[in-house]
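Here is how names work: the chains are called A, B, and so on, in the same order as the sequence lines, proteins then strands, and each is numbered from 1. In this text the structure is predicted, and so the values were computed from the model without any measurement.
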There are 2 protein chains.
Amino acid sequence: MQTLAPIAQKFILHWGEMGTRWGINRTVAQVHALLFISPKPVTAEDISNVLSVARSNVSNSLRELQSWGIVRVVHVLGDRRDHFESVKDVWEIFRIVAEERKRREIDPTLRVLRECVEELHRSGQSDKYTRERLESMLEFLTVMSGLFEEVVRIPASALKGVGKLRGKVVTLFGATRHREGT
Amino acid sequence: MQTLAPIAQKFILHWGEMGTRWGINRTVAQVHALLFISPKPVTAEDISNVLSVARSNVSNSLRELQSWGIVRVVHVLGDRRDHFESVKDVWEIFRIVAEERKRREIDPTLRVLRECVEELHRSGQSDKYTRERLESMLEFLTVMSGLFEEVVRIPASALKGVGKLRGKVVTLFGATRHREGT
DNA sequence: CTGTAATTTCAGTAAGGACAGAATATACAG
DNA sequence: CTGTATATTCTGTCCTTACTGAAATTACAG
């Protein structure tokens, strides 16, 4: 693998762009894209060549991806070099990334909100309105967070049936709405 | 409003930090946080003073928030200045932001993936493995995207009952898994 | 029309992150 | 122990984005 099929290139470049919009480093995302579509584990040097980025940059990107657990090192018989491969299951990738993002982006907010609400309770009613706002935000995030926890526990294998769920969500909430009133 | 209660400050600063992790400009997020907890609509100048950022910066941040539809201009009788207020309903805010992000971050990827898969089909079997990978990613994103569309259509009022859903998700998928096998 | 308040646009600057290449470290064959 | 292949860390540079303050624009009162 020294050159890249045009389609592969298109996908990798796009994935990199999307990465930046998600707050993920472009190169990191490109490396992931490359590994994701590679049938065989790839060496860091190959990645460096194919993507035309510095070897050191690849090294750091791989470390990042490994720390997330969506890329693994594997060894090939008779080759001293590290080879890398991506988790291939899309649901698994989604699950890992989503959990990591929740841990970094939602959980700290929940903590801070709890602290704020707590302190506002103690300090009396001087900020009634603010407290109400923070409480509603806290409640919302708590519920969503719990829901999310349940969803990511769904095993990848069960996801094959997820298409069948379409329509059910609305039905479920339709019923709820009926009970609760508009 | 010239000074900020300590708790309000804490919330605003934290919201700003979280914003940066979400690819949202820190100041934009802070302005939103301030408006969110303000009982009354606030002028741009007040925002500038309270947050200690340049007036022009506030102007741009407000424009961004307005373009998303989570902040509105309102006018106060006998005051020429624009006043700004945030949408207060947390589900509504979430819905708006999530839809906007999907539009910018998921939909383009779906387009590109479709194009890639399409072209790989035309160009024969030379890249069978890559095609499989891209197809599985496309299928996954399509399903999730559809599911998401349904969820965001749930009216805010119906959300009051969302807590009751906890546990149902797993049940639903448990049944699916049972049919599909682990 | 004129003057003033309010807002937006513009241009330069500062700060942060991404990146390349060099330097260093590690592992292993002989 | 030495030399070579491989991988990581470090340092400086470039580029992007955020931000400020000034200039320009708009809206309106008198």
Side-chain angles (χ1 to χ4, degrees), chain A residues 1-2 12-13 15-35 41-68 71-85 104-105, chain B residues 1-2 12-13 15-35 41-68 71-85 104-105:
Chain A
M1 146 137 40
Q2 213 52 279
I12 288 168
L13 289 175
W15 207 243
E17 285 317 303
M18 283 303 116
T20 62
R21 302 205 192 173
W22 271 77
I24 292 166
N25 182 288
R26 177 182 284 109
T27 308
V28 171
Q30 286 181 352
V31 170
H32 172 250
L34 174 60
L35 294 181
V42 185
T43 65
E45 178 130 21
D46 278 349
I47 297 172
S48 173
N49 291 332
V50 170
L51 299 183
S52 301
V53 294
R55 182 65 185 67
S56 56
N57 200 359
V58 172
S59 186
N60 291 328
S61 298
L62 285 169
R63 175 144 43 101
E64 176 93 4
L65 288 165
Q66 283 175 285
S67 81
W68 285 14
V71 160
R72 287 187 290 264
V73 185
V74 286
H75 285 104
V76 173
L77 229 66
D79 193 337
R80 272 164 56 185
R81 296 171 300 174
D82 289 348
H83 292 239
F84 299 88
E85 69 176 9
R104 294 197 227 169
E105 297 164 11
Chain B
M1 147 142 35
Q2 213 52 278
I12 290 168
L13 288 175
W15 207 244
E17 285 318 303
M18 283 304 116
T20 63
R21 301 203 193 174
W22 270 79
I24 291 166
N25 181 289
R26 176 183 284 111
T27 307
V28 172
Q30 286 182 352
V31 170
H32 172 250
L34 175 59
L35 293 181
V42 186
T43 64
E45 177 130 22
D46 278 348
I47 297 172
S48 173
N49 291 331
V50 171
L51 299 182
S52 301
V53 295
R55 181 64 184 69
S56 55
N57 199 358
V58 171
S59 186
N60 290 326
S61 299
L62 285 169
R63 175 143 42 104
E64 176 95 4
L65 288 165
Q66 282 175 286
S67 82
W68 285 13
V71 161
R72 286 189 290 265
V73 185
V74 285
H75 285 103
V76 172
L77 229 67
D79 193 337
R80 269 164 60 183
R81 297 172 300 176
D82 289 349
H83 292 239
F84 300 88
E85 68 177 10
R104 292 198 230 169
E105 298 164 12

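Inter-residue side-chain proximity for A:Val73 and A:Phe84 is flagged as met; some heavy-atom pair is nearer than 4.5 Å. Side-chain contact between A:Leu35 and A:Leu62 is present, with heavy atoms from C-beta onward closer than 4.5 Å.
The main-chain N or O of A:Ala44 is never found under 3.5 Å from a side-chain atom of A:Ser48 such that the two would form a donor-acceptor pair.
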Audit row: A:Asn60, A:Thr27, side chain to side chain contact (heavy atoms under 4.5 Å, CB included) steps and yes/no: CA-CA 10 Å; A:Asn60 291 328; A:Thr27 308; over 6 Å; no

Derivation of the side chain to side chain contact (heavy atoms under 4.5 Å, CB included) call for A:His32 and A:Val28: CA-CA 6 Å; A:His32 172 250; A:Val28 171; 5.7 Å; no

Chi angles and distances behind the side chain to side chain contact (heavy atoms under 4.5 Å, CB included) call for B:Val71, B:Glu85: CA-CA 6 Å; B:Val71 161; B:Glu85 68 177 10; over 6 Å; no

Derivation of the side chain to side chain contact (heavy atoms under 4.5 Å, CB included) call for A:Ile24 and A:Trp68: CA-CA 12 Å; A:Ile24 292 166; A:Trp68 285 14; 3.8 Å; yes

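Heavy-atom distances under 4.0 Å link DNA chain C to A:Asn25, A:Thr27 of residues 20-28 of chain A, given in residue order.
Remark: B:Glu64 engages no residue in a salt bridge (charged side-chain N to carboxylate O under 4.0 Å, His left out) (not counting sequence neighbours). Under the rule for a salt bridge (charged side-chain N to carboxylate O under 4.0 Å, His left out), B:Arg55 has no partner lying at least two apart in sequence or in another chain.
Residue A:Leu51 contributes atom CG, which lies 15 Å from atom C1' of C:dA20 at whole-angstrom precision.
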Considering only nitrogen or oxygen atoms on both sides, find all protein atoms under 3.5 Å from nucleotides 12-14 of chain C and state each distance.
none

Which atoms of nucleotides 5-12 of chain D (N or O only) lie under 3.5 Å from a protein N or O atom, and what are those distances?
residue, atom, partner, partner atom, Å
D:dA7, OP1, A:Asp82, N, 2.5
D:dA7, OP2, A:Arg55, NH2, 3.3
D:dT8, OP2, A:Ser59, OG, 2.9
D:dT9, OP2, A:Arg63, NH2, 2.8

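The salt bridge (charged side-chain N to carboxylate O under 4.0 Å, His left out) pairs that include a residue from residues 23-33 of chain A are A:Glu17-A:Arg26, where partners are two or more places apart or lie in different chains.
At a threshold of 4.0 angstrom between heavy atoms, the contacts of B:Ser61 with the nucleic acid are absent.
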